[in-house]
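See structure below.
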There are 2 protein chains.
Amino acid sequence: MENGIPNKIVVAVDTIILAIGKGGLEVLLTQFKYEPYEGRWALPGAVVGVDESLEETAKRILVKRVGDSRLHLEQLYCFGNPDRDARGRSISVAYFALLSEKEKVNNHLTGQYLDMKWFDTKHLPDMAFDHRKIIGVAVEKLAYKLDEIEIIRPLLPTKFTLSELQRVYEILSGKKIDKRNFIKKVKNDETVVLTTEMKTGGAYRPAKLFKFR
Amino acid sequence: MENGIPNKIVVAVDTIILAIGKGGLEVLLTQFKYEPYEGRWALPGAVVGVDESLEETAKRILVKRVGDSRLHLEQLYCFGNPDRDARGRSISVAYFALLSEKEKVNNHLTGQYLDMKWFDTKHLPDMAFDHRKIIGVAVEKLAYKLDEIEIIRPLLPTKFTLSELQRVYEILSGKKIDKRNFIKKVKNDETVVLTTEMKTGGAYRPAKLFKFR
DNA sequence: TCAAAAGTGTTCTGATTACACCCATGT
DNA sequence: ACATGGGTGTAATCAGAACACTTTTGA
């Protein structure tokens, strides 16, 4: 039962902004400028406004940091241990956001946003708060959701080759998979269909392009 | 990024206490005594203490309402729409708790706790806040988690017949399943094993008792 | 002896795994 | 011509679904 007694807990949203990079799954972090976490890296976040839904807070962060709020956004978990923030009691509602075009963000990485950088989720820098753990939970959940190939959609451009799809699948699941078995899986699933176009311009043999339905 | 600016948001934990009852899955609710939700039913909840973790808050609720905090407890979701509480801005971190012995709770349903009652999740009364929706999400998640039979453990006594196990499975999944197929599934799974005991005293033919490993 | 729940096996289908070679292109 | 990634099929195994009759007990 809830009642109206106010408390001193700060409610924040933190976003785990993920994209596929050269080496694997990457997350966008910002460097903290102040004590007690000076120099350490943190997830982009914001305190929830009094008239703002949690998802609106998350979108506000995305607009500021990525320049676009139309990403796949999903609530991950609510972290609330009393010792998670050395500055005082806070709880963080974590959302993950999936991004297909890192480049778009990278245009943001100028001027006032020079404190932002992509990191491979397997090689994270020194992190503030419990954010390392939060990223761990996010990566784990993503792998768990992978039984629906659909979850890959926001991480790819609208058209992609089978190899690109398979690469994302392997990165998220952490497992290698055989090409021939993978195409069977994809064809069964029916969420991914062939287009008539070919990926040209790449080195070597052109590949058929697929898209999500 | 989080900072220390205080806000006016109340952080509460609400618990969805579930058990298997005569008609199906049941949830324990309390009747609200005050405006603006007078007479409506709500999930047992509490405001999070400043030095208390979210899970500790949930356990505090369980001790008070059920007399036991050693239930299966799991965070469900964080609900935070600005209009979810007519009295002011609040967010609710929902936890579900699974209970095998409704009777234990029923001893609590006396004196100051006469405002507590079990309801079938399919026939809920008029509810306060967004609690009807929260219960819906909980029931859905439970069905989703059912691919691991393990999730049924906290809803059953330590020893149980195959039919009892199957009944819970059917209630949570919302589907009928064939007896012979069900035992194959259970045997494959290997989390449930046969004991040497029989369920005697019931009407008709005695049944073998199983237990979780 | 009857009512009610317990107990039991086979067949079919669809998904998953293991596995190896030729093809099309740019350099 | 060669290096590189694109593209393809078969056989074995396993889980899930459909399906009906006999057994044991208490009343």
Side-chain angles (χ1 to χ4, degrees), chain A residues 20-24 143-152 156-157 159-211, chain B residues 20-24 143-152 156-157 159-211:
Chain A
I20 299 294
K22 202 151 194 188
Y144 182 71
K145 296 200 78 171
L146 199 55
D147 61 278
E148 304 202 1
I149 295 177
E150 182 76 21
I151 192 64
I152 296 179
L156 283 174
K159 291 182 184 157
F160 48 85
T161 68
L162 195 67
S163 300
E164 287 165 347
L165 181 66
Q166 182 173 347
R167 174 161 180 266
V168 177
Y169 188 93
E170 289 177 343
I171 287 170
L172 297 187
S173 70
K175 288 176 195 155
K176 285 276 167 208
I177 186 168
D178 179 87
K179 259 196 295 186
R180 287 162 293 183
N181 293 338
F182 187 69
I183 195 169
K184 258 184 292 182
K185 185 189 191 74
V186 165
K187 281 188 173 156
N188 256 330
D189 201 83
E190 293 188 338
T191 56
V192 167
V193 294
L194 201 51
T195 70
T196 53
E197 296 162 70
M198 301 288 277
K199 171 146 186 172
T200 168
Y204 317 118
R205 178 174 178 178
K208 294 174 183 170
L209 284 169
F210 291 77
K211 63 176 182 185
Chain B
I20 298 295
K22 200 149 195 191
Y144 181 71
K145 295 200 78 170
L146 199 54
D147 62 277
E148 305 202 359
I149 295 177
E150 182 76 20
I151 192 66
I152 295 178
L156 284 174
K159 292 182 184 159
F160 48 86
T161 68
L162 195 68
S163 300
E164 288 164 347
L165 181 65
Q166 183 174 345
R167 174 160 180 266
V168 177
Y169 189 93
E170 289 177 344
I171 286 170
L172 296 187
S173 71
K175 288 176 196 155
K176 284 277 167 207
I177 185 169
D178 179 88
K179 260 196 294 186
R180 288 162 292 183
N181 293 337
F182 187 68
I183 195 169
K184 257 184 295 181
K185 185 190 191 76
V186 166
K187 282 187 172 156
N188 256 330
D189 202 84
E190 293 187 340
T191 57
V192 167
V193 294
L194 202 50
T195 71
T196 53
E197 295 162 72
M198 301 288 278
K199 171 148 188 170
T200 168
Y204 317 119
R205 177 174 179 179
K208 293 174 181 168
L209 284 170
F210 291 77
K211 65 176 181 185

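Heavy atoms only: backbone and side chains are in, while hydrogens, waters and symmetry mates are out. Below, chain A is the first sequence line, B the second, and so on; all start at residue 1.
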query: Can you tell me how far the CD1 atom of A:Ile183 sits from the CG atom of A:Leu165, to the nearest 0.5 Å?
result: 10.0 Å
message: Quick check for you: to the nearest 0.5 Å, what is the distance between B:Arg167 atom CZ and B:Ile152 atom CD1?
response: 12.0 Å
task: Could you tell me whether the side chain of B:Glu150 and the main chain of B:Thr191 form a donor-acceptor pair under 3.5 Å?
output: no
- prompt: Using a cut-off of 4.0 Å on non-hydrogen atoms, how would the nucleic acid contact of B:Asp178 be classed: base, sugar-phosphate, or nothing?
  reply: base
- request: To the nearest Å, give me how far apart NZ (A:Lys199) and P (C:dG26) are.
  value: 14 Å
query: What are the two closest heavy atoms between B:Lys208 and B:Leu194, and how far apart are they?
result: CB-CD1, 3.8 Å
Protein N or O to nucleotides 6-8 of chain C N or O, pairs below 3.5 Å:
residue : atom : partner  : partner atom : Å
C:dA6   : OP1  : B:Ser163 : OG           : 2.9
C:dA6   : OP2  : B:Ser163 : OG           : 2.8
C:dA6   : N7   : B:Lys179 : NZ           : 3.3
C:dA6   : N3   : B:Arg205 : NH1          : 3.1
C:dG7   : OP1  : B:Lys208 : N            : 2.8
C:dG7   : N7   : B:Lys179 : NZ           : 2.6
C:dG7   : O6   : B:Lys179 : NZ           : 3.0
C:dT8   : OP1  : B:Lys208 : NZ           : 3.0

- request: Ignoring the backbone of A:Tyr204, work out which of D:dC19, C:dA5, D:dA3 is nearest its side chain.
  value: D:dA3
field: Between D:dA15 (P) and A:Asp147 (CG): distance, integer Å
entry: 17 Å
query: Within this structure, what is the NZ-to-P distance between A:Lys176 and C:dA18, rounded to whole angstrom?
result: 15 Å
- request: Using whole Å, report how far CG of A:Asn188 lies from P of C:dT13.
  value: 16 Å
- line: d(A:Asp147 CG, A:Lys185 NZ) to nearest 0.5 Å is 8.0 Å
message: Without decimals, in angstroms, what is the distance between A:Lys184 NZ and D:dA11 C1'?
response: 10 Å
- request: Pick out which of A:Lys175, A:Lys176, A:Lys179 makes a salt bridge (charged side-chain N to carboxylate O under 4.0 Å, His left out) with A:Glu170.
  value: A:Lys176
field: Rounded distance (Å) that lies between atom P of C:dG14 and atom CG of A:Asn181
entry: 18 Å
statement: When rounded to whole Å, the CD1 to P distance for the pair A:Ile177 and C:dC19 reads 14 Å
- request: Take the protein atom CZ of A:Phe182 and the nucleotide atom P of D:dG6, then report the distance between them rounded to whole Å.
  value: 13 Å
